[in-house]
There are 2 protein chains.
Amino acid sequence: MNVETARRRFEAYLRERGLRVTRPRMEILELAWSTHRHFSAEELWGWVRERSSTTSRATVYRTLALLVEGGFLAPLDDRSGQMLYEHILGHSHHDHMICLGCGRILEFRNEAIEELQEEVAREHGFHLTGHTLTLEGYCRSCARRRPGLLEGGREEAAGGS
Amino acid sequence: MNVETARRRFEAYLRERGLRVTRPRMEILELAWSTHRHFSAEELWGWVRERSSTTSRATVYRTLALLVEGGFLAPLDDRSGQMLYEHILGHSHHDHMICLGCGRILEFRNEAIEELQEEVAREHGFHLTGHTLTLEGYCRSCARRRPGLLEGGREEAAGGS
DNA sequence: ATATCTGCAAATCGTTTGCATTCGG
DNA sequence: CCGAATGCAAACGATTTGCAGATAT
């Protein structure tokens, strides 16, 4: 999904809700679309300053929240304390693998896992609205640098939560 | 796993590492074992004060971190901003479903999902050390109170992350 | 016109840290 | 003894908020 389309959709979204189409909001949408990586609010706020724009940090946070509500961005908790964001407009749902060595984030989609989740929810009478699946470990290149890992020995004490 | 055993194991763990067995540490372990629910650091700190113990909030945080490192507790991010903890000593790994209505946390374990995760990691040359799978939605009783949900219509804009 | 947005700075909130003191081994 | 652990209060870092002035419709 290109910026143009995203911009148009965001404007439509705002108008539908009686919200205003403002310069700061559009600037933030464009900056969010200026990368294909995951980014944090502070990072985007950095891009704002690089442009010597007067848009404030508070507005960055407020607009990111709006973009998440509207289904333009999805938040991703990488456990570093700050939230990361990624565009989802026009992208199919996927889950993540986070490398504990270099912080790299890999994306994957597994249909069987998706279905099993729905099955589990159904079995428990749980009405599913979303899910978060994050695999933690070491990517190929980081694993190579940590010999102890290669034989398949787990290093962290506990598995997932 | 009862408190007694947990206490003994924690003492052993501390000694092995040349760390000291102190009153605050043992008190915190016991309080952590005084519930079968998920609890937050602040909550445990509340139990400390109820006992009019002199153990400080800082020590609560420091000891919880120690218990996580040692594989006694597992942290669970419920997206409320604070971390929750649960004992895992003697408990098999499981994942969670969090009810957005009442905050209740249901646990489940699905072998097929576990295996598929390992398979996905393997396919990507990723060395898996852990994972987080959290289903979000509404538990049976909360779903009943929200008629719109029953027909299977999704309400939140986006699915998972 | 006028309700919504914005920028600013101060406030939150969970968690962490520096440091002088206390305590376990 | 002596280094590790604690309590205290101050520091932190990401995010949120109150408010007066600016702006979109």
Side-chain angles (χ1 to χ4, degrees), chain A residues 7 10-32 38-49 51-70 73-85 103, chain B residues 7 10-32 38-49 51-70 73-85 103:
Chain A
R7 206 177 51 65
F10 189 33
E11 288 187 11
Y13 174 77
L14 291 171
R15 294 218 167 86
E16 274 166 30
R17 308 212 147 194
L19 301 175
R20 292 174 179 172
V21 176
T22 64
R23 204 220 75 233
R25 282 176 176 164
M26 288 306 145
E27 178 184 22
I28 290 161
L29 173 118
E30 277 162 25
L31 287 172
H38 298 77
F39 61 90
S40 66
E42 290 300 305
E43 205 169 345
L44 196 154
W45 160 237
W47 302 336
V48 164
R49 276 174 307 174
R51 295 185 153 198
S52 15
S53 155
T54 63
T55 299
S56 72
R57 175 195 261 113
T59 298
V60 168
Y61 279 97
R62 288 190 276 234
T63 304
L64 286 176
L66 209 50
L67 289 166
V68 169
E69 278 172 43
L73 298 178
L76 165 65
D77 183 356
D78 80 331
R79 301 235 173 184
S80 72
Q82 60 185 7
M83 208 53 109
L84 299 184
Y85 299 87
Chain B
R7 207 175 50 64
F10 190 34
E11 289 186 11
Y13 174 78
L14 291 171
R15 295 217 168 84
E16 274 167 29
R17 308 211 147 194
L19 300 175
R20 292 172 181 174
V21 176
T22 64
R23 203 220 76 232
R25 281 177 176 163
M26 288 305 144
E27 179 184 22
I28 291 161
L29 175 118
E30 277 162 25
L31 288 172
H38 297 79
F39 61 90
S40 66
E42 291 299 307
E43 205 169 345
L44 196 153
W45 160 238
W47 302 335
V48 164
R49 277 174 307 174
R51 295 185 154 196
S52 17
S53 155
T54 63
T55 300
S56 71
R57 173 195 262 114
T59 296
V60 168
Y61 279 96
R62 287 190 276 235
T63 304
L64 286 176
L66 208 51
L67 288 167
V68 169
E69 278 172 42
L73 297 179
L76 165 65
D77 183 356
D78 79 331
R79 301 235 173 185
S80 73
Q82 61 184 8
M83 209 52 112
L84 299 184
Y85 299 87

Taking all non-hydrogen atoms of both residues, which atom of B/V68 and which atom of B/P75 are closest, and how far apart?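 What the structure gives for the nearest pair is CG1-CD, 4.0 Å.
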
Measure across B/I28 and B/V60 and return the closest heavy-atom pair with its distance rounded to 0.1 Å.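 It is CD1-CA, 3.7 Å.
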
Are any non-hydrogen side-chain atoms of B/L19 and B/L66 less than 4.5 angstrom apart?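 In short, these two side chains touch, coming nearer than 4.5 Å.
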
May I ask you to test the A/L31-A/R51 pair for a side-chain heavy-atom distance under 4.5 Å?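 Heavy-atom side-chain distance check passes, below 4.5 Å.
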
Could you list the residues that satisfy ring-ring contact (aromatic ring centres under 6.0 Å, His included) with [X], not counting sequence neighbours?
| X | value |
| --- | --- |
| B/Y61 | none |
| A/W47 | A/F39 |
| B/Y13 | B/F72 |

Relative orientation of the end axes in the helix from C/dA1-D/dT25 to C/dG25-D/dC1, expressed as an angle to the nearest 10° (five pairs per end):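 Axis-to-axis angle, ends of the helix: 30°.
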
In this structure, how many angstroms lie between the P atom of D/dC8 and the CZ atom of B/R49, rounded?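 Atom-to-atom, B/R49 to D/dC8, this comes out as 12 Å.
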
Check salt bridge (Lys or Arg N to Asp or Glu O under 4.0 Å) between [X] and all other residues, then give those that pass, not counting sequence neighbours.
| X | result |
| --- | --- |
| A/E42 | A/R57 |
| B/E43 | none |
| A/R49 | none |

For B/T55, what residues pass the side-chain hydrogen bond (donor to acceptor under 3.5 Å, both in side chains) criterion, not counting sequence neighbours?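 Result, side-chain hydrogen bond (donor to acceptor under 3.5 Å, both in side chains) vs B/T55: B/R23, B/E27, B/S53.
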
Report the residues that fulfil side-chain hydrogen bond (donor to acceptor under 3.5 Å, both in side chains) with B/S52, sequence neighbours left out, ordered by chain and then residue number.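 Listed in chain order: nothing, the list is empty.
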
Derivation of the side chain to side chain contact (heavy atoms under 4.5 Å, CB included) call for B/M26 and B/L14: CA-CA 11 Å; B/M26 288 305 144; B/L14 291 171; 3.8 Å; yes

I need the residues from residues 16-24 of chain B with at least one non-hydrogen atom less than 4.0 Å from DNA chain D; give them sorted by number, or say none.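 Nucleic-acid contacts, sorted: B/L19, B/R20, B/T22, B/P24.
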
Check this one for me: any side-chain N or O of B/T59 less than 4.0 Å away from OP1 or OP2 of D/dA5?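 Result: no.
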
With a strict under 4.0 Å distance from non-hydrogen atoms of chain A, what nucleotide opens and what nucleotide closes the contacted stretch of DNA chain C, reading 5' to 3'?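 Contact span on the strand: C/dA3 to C/dC8.
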
Look for any protein N or O under 3.5 Å of an N or O in nucleotides 12-16 of chain D and output each such pair with its distance, or none.
{"residue": "D/dT15", "atom": "OP1", "partner": "A/M83", "partner atom": "N", "Å": "3.0"}
{"residue": "D/dT15", "atom": "OP2", "partner": "A/Y61", "partner atom": "OH", "Å": "2.9"}

